[in-house]
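Just so it is clear, the model here is predicted, and its values are computed rather than measured. We count ligands from 1, going down the list as the structure has it; atoms in each ligand are counted the same way. The first residue in the sequence is number 1, and the count goes up from there.
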Amino acid sequence: MSQYCPPRSPNKNLSRRSFLRATMVTATLASGNLAVGCNNAGDDEDTRPLQDGAAYFPQSVVSGDPRQDSVIVWTRLEDPDLAADADAEVKLELASDAEFTTLVELDGETGTLAPAKAMYDRCVKVKVRGLEPATTYYYRFIHSRDDGRFVSPVGRTRTAPAADADAKLRFAVVSCQDFNGRYYNGYARMAAEELDFFVHLGDYIYETTGDPSFQKTGGRVATFTDKAGAIAFNAGTDKEYFAAQSLSNYRELYRTYRSDLALRKIHETVPMIATWDDHEFTDDCHGDIATYYDGRQDETSTERRKAANQAWFEYMPVDFQEEDFEYDPAAAFPGDIQIYRDFGFGKHMRLVMTDLRSHRTDHLIPEDAFPGAVVLTQAELMAELGELPASASEYVDIDSYAGGTYKAVLVAAASELDYDPAKITGNLDVAYINSTLAKLDSADVDPITDLAGLERGLAFRHLGKLSTHASIGARYLVIKEAFDLWATINYKKSGGKTQDAMGPEQQAWFLDTMKGAKETWKLWGNEFCLVPLVIDLTPLPIQPFNQVFYMNVDQWDGMRDRRNELLGELVKLDNVVALTGDIHAFYAGVPGLNADPKQHITELVTSGISSGTFRTQLVLQVAADPILSMTAGASELADSIDTLFTKSGTNRHLAHADSSHNGFMTVELDGQAIVATYHAIAEPDIFVDLEGEPAEALAAKFTSERFKVEAGSRELYKEIAGAWKRWDYDTFSYV
Ligand SMILES: [Fe+2]
């Protein structure tokens with residue numbers, strides 16, 4: 001069997017972290033004859049011809065984080081003849097043409113060696129510096145063995161324009177690419193676009209292998225070799241699935257996702273700028289905490305978070321702010337990795353990429369909150385409002401009321417009714433106490449009917465919490481009015497500590513960077529929706545759902561006061577546009593200040609490449625919730641969510657809502673305007689692999705909508721029947 005041939009001597013210029021300075025040279029060789037490529041970059045020449053080495057580079061090549069003079073190139077070496085713990089090296093070559101007739105010198109050589117360390121899964125990452133701006137380069141990696149020299153697929157990448165260039169840019173924005181049972185037809189379509197780069201807003205992987213609550217369970221599926229290291233759900237049943245937990249699990253996901261040909265082709269041809277959202281670690285996470293069990297158990301797992309972070313470091317082509325950053329598995333979370341960073345593209349574009357998952361505070365309403373627990377007392381409400389809201393209702397101090405009789409009954413019923421007996425303390429809502437007693441076959445106490453003299457307040461149930469251990473009423477479907485009031489009181493009381501999205505350090509950096517940007521456009525690569533997503537169900541006779549709800553408070557609606565604080569700074573700047581992902585829907589809007597919504601920025605939201613659309617997920621959520629699934633009309637409402645978003649007038653800031661398509665966004669930008677095109681494909685087409693489809697047939701599967709923002713203006717325009725129409729907040733229509 002062939003053995004790996006170790007380099008005979010290390011490149012004297014090769015630093016531990018493989019930083020390269022590149023200078024342009026003109027090679028004198030004919031196409032195809034690469035005899036000049038030295039195996040050891042300056043050592044003995046290896047004149048053996050190159051052979052197809054795709055098998056040694058099974059994830060092909062990826063580039064990312066283009067700057068005017070640098071880019072990151074990535075590959076991963078896989079050679080079964082290498083011992084598990086053996087480090088290796090591959091040679092990187094850079095050229096100005098796809099045939100590699102004109103090589104670019106790297107540290108004075110025609111190529112350079114880059115480490116493929118066993119501790120990083122033999123991922124190879126090189127920052128190539130000293131490049132020309134706005135220039136296309138080609139790169140490849142060579143693996144030398146004693147039976148030959150094996151070359152990776154060729155990658156194409158492109159540097160950013162120089163800071164003073166009056167450059168027009170064209171890029172794509174994507175997010176959410178669930179692999180299970182779905183295909184990357186968006187990427188296949190995107191390959192036909194001429195792009196400078198693409199922005200990935202997160203959910204590059206999904207950590208679960210077919211969670212039926214939101215994923216497909218048929219078709220292609222990600223699997224784990226290290227099942228013992230994964231989290232198993234429904235273990236031993238035919239509904240068994242897993243969530244990544246070990247480093248091996250997370251690495252395997254990146255390898256599996258990059259087995260997709262359409263994704264590989266995009267990576268081989270366009271550099272990526274990526275941040276993460278939740279699924280790179282775990283669904284609806286905050287910090288190192290997962291939410292699978294809705295508060296039934298402590299889901300803090302620093303080791304799991306670090307495994308996810310390390311795999312992301314290894315597989316993503318990122319130019320970290322700390323330029324020589326290398327992931328240290330011994331470093332403590334959250335200081336183990338810092339991914340927020342910014343990019344300049346000529347005179348007209350600054351792109352600021354944030355991390356809204358590592359440092360955020362918990363969702364305000366705990367998943368295991370007891371619905372009857374009072375969150376705002378009469379005194380607190382009076383202090384804030386000067387009067388009691390109509391929805392406020394009577395409560396008692398359960399510890400002392402009736403000598404503790406009711407407390408004893410409720411504590412005794414805790415396991416039967418599935419709540420934590422420790423939560424039966426303090427002020428509890430009388431209506432909820434009575435409804436709980438009514439669920440018991442026989443209670444030793446009567447309902448509380450004498451309400452005279454009792455104080456009135458708001459409990460978790462007034463925020464939409466209907467049952468303990470549920471995401472509905474905690475992260476989803478929260479009653480807007482009561483939530484706004486409670487969230488804001490808490491925010492003030494905590495000195496702004498609640499509702500933290502970025503952590504103080506990142507937030508200071510974010511605002512400084514946005515304010516300091518000299519470029520025309522200040523674009524924010526933002527993981528979740530800024531524009532509020534509200535539905536008004538008050539006209540509908542579906543108790544207890546005849547309320548005005550936030551759809552999702554895992555996103556910025558759940559941090560409305562922090563959002564207000566940030567937008568308060570951003571609206572002072574010109575030409576701020578948020579580019580957003582996460583929500584699996586195409587939206588466009590004008591997110592503004594709580595007290596003065598007409599002071600706003602603009603936001604363009606792209607749907608997922610492949611993940612279940614917002615509408616589909618909503619229908620599944622309703623079906624899975626014990627209360628909603630029994631509520632007449634709820635499923636139909638979920639199915640027609642866009643009608644609710646756009647017809648109610650509660651979302652005057654929401655200028656476009658399409659919650660039922662997948663796809664991607666392309667953006668064209670210059671000193672005058674940003675024009676975004678939403679490329680939408682119907683969800684059923686995502687279940688079919690269209691990768692080999694002729695370009696016209698594939699394009700015919702997509703519809704498109706175009707939006708525009710002009711420099712110096714905050715108005716959002718949509719192209720309607722060939723004319724640009726302005727979104728009017730007052731009439732919530734295009735005029
Ligand atoms: Fe997603």
Side-chain angles (χ1 to χ4, degrees), residues 172-187 198-217 222 241 243-244 250 253-254 256-257 260 263 272 274-286 290-292 308 312 316 339 353-358 360 363 471 475-476 501 525-531 533 551-558 578-587 603-621 641 658-665 678 680-681 683 686-687:
V173 184
V174 302
S175 71
C176 299
Q177 53 190 51
D178 190 359
F179 179 90
N180 298 280
R182 300 161 176 281
Y183 292 93
Y184 299 156
N185 297 319
Y187 283 131
F198 73 101
V199 176
H200 201 301
L201 293 166
D203 291 358
Y204 187 96
I205 55 163
Y206 279 72
E207 84 284 10
T208 42
T209 62
D211 175 347
S213 71
F214 73 98
Q215 292 180 296
K216 289 276 283 182
T217 53
Y241 67 96
Y250 282 106
L253 286 170
Y254 288 93
T256 302
Y257 278 55
D260 182 277
L263 176 60
M272 170 176 72
T275 185
W276 61 37
D277 192 23
D278 51 342
H279 288 285
E280 279 85 352
F281 168 43
T282 190
D283 186 22
D284 286 354
C285 62
H286 51 100
T291 56
Y292 296 127
W312 196 87
M316 299 302 255
I339 73 166
M353 301 291 286
T354 50
D355 167 8
L356 303 183
R357 289 290 175 183
S358 300
R360 70 176 285 173
H363 308 96
S471 56
R475 305 198 296 281
Y476 311 117
N526 161 49
E527 290 99 293
F528 33 79
C529 252
L530 280 163
V531 69
L533 295 176
M551 291 303 299
N552 182 340
V553 288
D554 179 56
Q555 54 182 20
W556 280 108
D557 277 339
L579 303 171
T580 303
D582 176 61
I583 191 77
H584 307 184
F586 288 108
Y587 300 135
E603 182 179 34
L604 303 164
V605 183
T606 190
S607 188
I609 279 283
S610 60
S611 306
T613 61
F614 185 69
R615 185 185 68 165
T616 302
Q617 296 205 344
L618 198 59
V619 170
L620 285 171
Q621 254 170 14
I641 185 66
D658 169 6
S659 305
S660 60
H661 284 84
N662 288 97
F664 63 100
M665 181 202 307
Y678 292 4
I681 182 168
E683 195 165 18
I686 290 297
F687 304 141

*asked:* Distance check below 2.8 Å: does H584 bring an N, O or S atom to the Fe ion (ligand 1)?
replied: yes
_Candidates E683, H661, H584 - the one meeting side chain to side chain donor-acceptor pair (under 3.5 Å) with T613_ = E683
*asked:* So which atom in A578 and which in L530 form the shortest heavy-atom distance, rounded to 0.1 Å?
replied: CB-CD1, 3.6 Å
*With the Fe ion (ligand 1) as the point of reference, which N/O/S atom of D203 is the closest?*
OD2
*Is there an N/O/S atom in S175 that lies less than 2.8 Å from the Fe ion (ligand 1)?*
no
*Where V605 and C529 come nearest, the two heavy atoms and their spacing*: CG2-SG, 4.1 Å
*Test side chain to side chain donor-acceptor pair (under 3.5 Å) applied to D284 and R475, H279, R357, the passing residue*: R475
